[in-house]
Number of protein chains: 2
Amino acid sequence: MLSKKTKYALHALTYLGKHRENKTVLIQDIAEEHGISHKFLENILLELRKAGYLGSKKGKGGGYYLIKEPKEIPLSRIIRLLDGPIALLPCVSLNYYEPCDECKSEVQCGINKVMAQVRDETLKILENKSLQDILDGE
Amino acid sequence: MLSKKTKYALHALTYLGKHRENKTVLIQDIAEEHGISHKFLENILLELRKAGYLGSKKGKGGGYYLIKEPKEIPLSRIIRLLDGPIALLPCVSLNYYEPCDECKSEVQCGINKVMAQVRDETLKILENKSLQDILDGE
DNA sequence: CACAAACTCTATAAAATTTATAGGGATTAT
DNA sequence: ATAATCCCTATAAATTTTATAGAGTTTGTG
């Protein structure tokens with residue numbers, strides 16, 4: 001399951017995607033719309049900005065706005081950014097690899113092999129769905 | 001990512017799958033083979049037995065054994081049993097459904113729709129991989 | 001029959017992670 | 001100058017995961 005952080009990020013991105021004509025959107029507005037804690041959401045938007053998805057403007061009249069095309073924001077990226085690995089095991093993660101303690105040898109581990117396949121197929125799904133697909137469904 | 005519980009369950013099932021000729025296998029043996037805590041593994045094997053994957057024999061000479069064909073044990077089932085939902089959001093979970101607090105209406109939520117698709121496609125993957133596939137890779 | 005080996009079951013503790021809050025700083029429009 | 005707004009880091013609270021403990025129960029064996 002996705003963490004609330006990621007779920008909130010998706011809601012925020014969706015909201016921003018729906019308000020691209022406005023110059024900026026307040027954290028407050030997104031938080032209120034979805035009943036999310038302002039401060040918690042603030043941290044999430046900050047991460048999205050640092051990762052290059054959002055732009056922001058400080059001071060009075062400031063706020064956030066989307067700086068990427070919705071179709072250029074695949075679910076895989078958002079999930080990785082906020083939740084970490086997409087792979088089901090650390091030993092098959094492309095971006096967050098770590099060996100598994102209880103495995104003597106990865107090369108002869110059937111679990112490792114199957115999970116690498118699962119990762120590849122899962123990635124295909126998540127790379128092919130973007131914020132645009134979410135917006136299309138609203 | 002899978003919890004350690006699920007990961008250990010997969011290791012245990014694999015071990016049991018590789019020792020089907022023996023009548024029973026000791027918890028201890030599996031725990032030692034993978035450096036897992038005996039007591040933690042015990043709880044896991046108990047769950048697997050209650051769910052109908054394993055049989056057990058008490059007393060001296062007892063232990064656990066696989067009572068299903070490895071190809072009849074899809075990853076989806078093991079993951080659901082020990083980790084819970086496969087869906088990325090509670091609002092699209094088939095087996096553990098719960099509404100999302102921050103969603104006003106599921107029918108007009110683009111996230112919900114996309115995640116339902118992701119769930120369907122992910123399920124296809126996990127239902128098609130079984131313990132047999134793991135055993136084949138060992 | 002006594003005993004030891006093994007699983008059964010439930011409760012609880014420890015650790016880790018996620019979720020949420022807090023508050024002072026920096027910037028900007030008016 | 002002031003108020004609105006994002007920036008940043010730290011910490012607290014809640015939840016979940018991981019691990020441990022210990023008293024049952026069953027069974028093979030001498």
Side-chain angles (χ1 to χ4, degrees), chain A residues 1-9 11-12 16 22-32 34-51 53-67 79 81-85 88-90 96 98 100-102, chain B residues 1-9 11-12 16 22-32 34-51 53-67 79 81-85 88-90 96 98 100-102:
Chain A
M1 297 268 276
L2 298 179
S3 67
K4 289 196 175 181
K5 226 169 148 184
T6 301
K7 191 162 53 158
Y8 293 165
H11 280 296
L16 289 164
N22 314 15
K23 296 212 184 56
T24 62
V25 169
L26 298 182
I27 296 177
Q28 193 60 23
D29 291 347
I30 306 175
E32 274 173 14
H34 295 289
I36 304 171
S37 143
H38 174 121
K39 280 301 209 170
F40 191 39
L41 186 57
E42 189 171 285
N43 288 314
I44 296 167
L45 294 178
L46 213 47
E47 280 195 73
L48 289 168
R49 184 191 56 97
K50 286 181 182 166
Y53 299 103
L54 306 182
S56 66
K57 186 152 180 283
K58 287 184 195 170
K60 199 169 184 178
Y64 281 98
Y65 49 93
L66 209 54
I67 57 175
I79 294 175
L81 178 66
L82 294 153
D83 258 7
L88 293 180
L89 294 180
Y96 300 85
E98 267 182 72
C100 286
D101 297 329
E102 73 286 355
Chain B
M1 297 268 275
L2 299 180
S3 66
K4 289 196 176 183
K5 227 169 146 182
T6 301
K7 192 162 51 156
Y8 292 166
H11 279 296
L16 289 164
N22 312 16
K23 296 209 184 58
T24 62
V25 170
L26 297 182
I27 295 176
Q28 193 61 23
D29 291 348
I30 306 174
E32 275 174 12
H34 294 289
I36 305 171
S37 143
H38 174 122
K39 279 302 212 171
F40 192 39
L41 186 58
E42 190 171 281
N43 288 313
I44 296 167
L45 294 178
L46 213 48
E47 280 196 72
L48 288 169
R49 184 190 57 98
K50 286 180 181 166
Y53 299 104
L54 305 183
S56 66
K57 187 154 180 282
K58 288 184 193 170
K60 199 168 182 180
Y64 281 98
Y65 50 92
L66 210 54
I67 57 175
I79 293 176
L81 178 67
L82 295 153
D83 257 7
L88 292 181
L89 294 179
Y96 300 84
E98 267 183 73
C100 285
D101 297 330
E102 73 286 356

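Values in this document were obtained by computation on a predicted structure and should not be read as measured data. Every heavy atom of this structure was used, including side-chain atoms; hydrogens, water molecules and symmetry mates were not. Just so we're on the same page: letters track the sequence lines, and every chain starts at 1.
Taking atom NZ of A:Lys57 as the reference point, atom P of C:dA29 lies 4 Å away to the nearest angstrom. The CE-C1' distance, from A:Met1 to C:dT17, rounds to 16 Å in whole Å. Residue A:Asp101 contributes atom CG, which lies 12 Å from atom P of D:dT18 at whole-angstrom precision. The nearest whole Å value for the distance from the CD1 atom in B:Ile27 to the C1' atom in C:dC9 is 12 Å. To the nearest angstrom, C1' of D:dC8 lies 12 Å from CD of A:Glu47. Regarding A:Lys5, its NZ atom lies at a distance of 11 Å from the C1' atom of C:dA20, rounded to whole Å. Atom CG in A:Leu2 sits about 18 Å away from atom P in C:dT17, given to the nearest Å. Atom-to-atom, CG of B:Leu82 to C1' of D:dT16 comes out at 15 Å; the value is rounded to the nearest Å.
Mapping B:Glu42 and B:Leu26 onto DNA chain C via the closest heavy atom, the residue that lands nearer the 5' end is B:Leu26. Comparing B:Ser37 and B:Asp83 by the nucleotide of DNA chain D that holds the closest heavy atom to each, the one mapping nearer the 5' end is B:Asp83. Nearest-nucleotide mapping onto DNA chain C: of A:Gly59 and A:Phe40, the residue sitting toward the 5' end is A:Phe40.
With D:dT27, D:dT18, C:dT19 as the choices, the nucleotide that has an atom nearest any side-chain atom of B:Lys60 turns out to be D:dT27. Distance from the side chain of B:Lys58 is smallest to D:dT27 among D:dC6, C:dA20, D:dT27. Here D:dC7 is the nucleotide among D:dT18, C:dT8, D:dC7 with the atom lying nearest to any side-chain atom of A:Arg49. Nearest nucleotide to the side chain of B:Lys39, out of D:dT26, D:dG22, D:dA19: D:dG22.
Proximity of B:Ser3 to the phosphate of D:dT18: a side-chain N or O atom is located under 4.0 Å from OP1 or OP2. For C:dT18, the OP1/OP2 oxygens have no side-chain nitrogen or oxygen of A:Tyr8 closer than 4.0 Å. Checking the phosphate oxygens (OP1, OP2) of D:dT5, no side-chain nitrogen or oxygen of A:Ser56 falls inside 4.0 Å.
Remark: side-chain polar atoms of B:Asp83 are not paired, donor with acceptor, to backbone N or O of B:Thr6 under 3.5 angstrom. Within the 3.5 Å criterion, the main-chain N or O of B:Glu102 finds a donor-acceptor partner in the side chain of A:His34. Under a 3.5 Å cut-off, the side chain of A:Thr24 and the backbone N or O of A:Tyr65 do not form any donor-acceptor pair.
Salt-bridge check for A:Glu47 with A:Lys50: failed, with every basic side-chain N at 4.0 Å or more from each acidic carboxylate O.
Using a 4.0 Å heavy-atom distance criterion, B:Lys7 is classed as making no nucleic acid contact.
For a distance-only test at 3.5 Å, the side chain of B:Asn43 fails to qualify as a donor-acceptor partner of the base of D:dT18.
Taking both residues in full, the closest heavy atoms of B:Glu42 and B:Tyr64 are given as O-OH, 4.5 Å, listed atom of the first, atom of the second, then distance.
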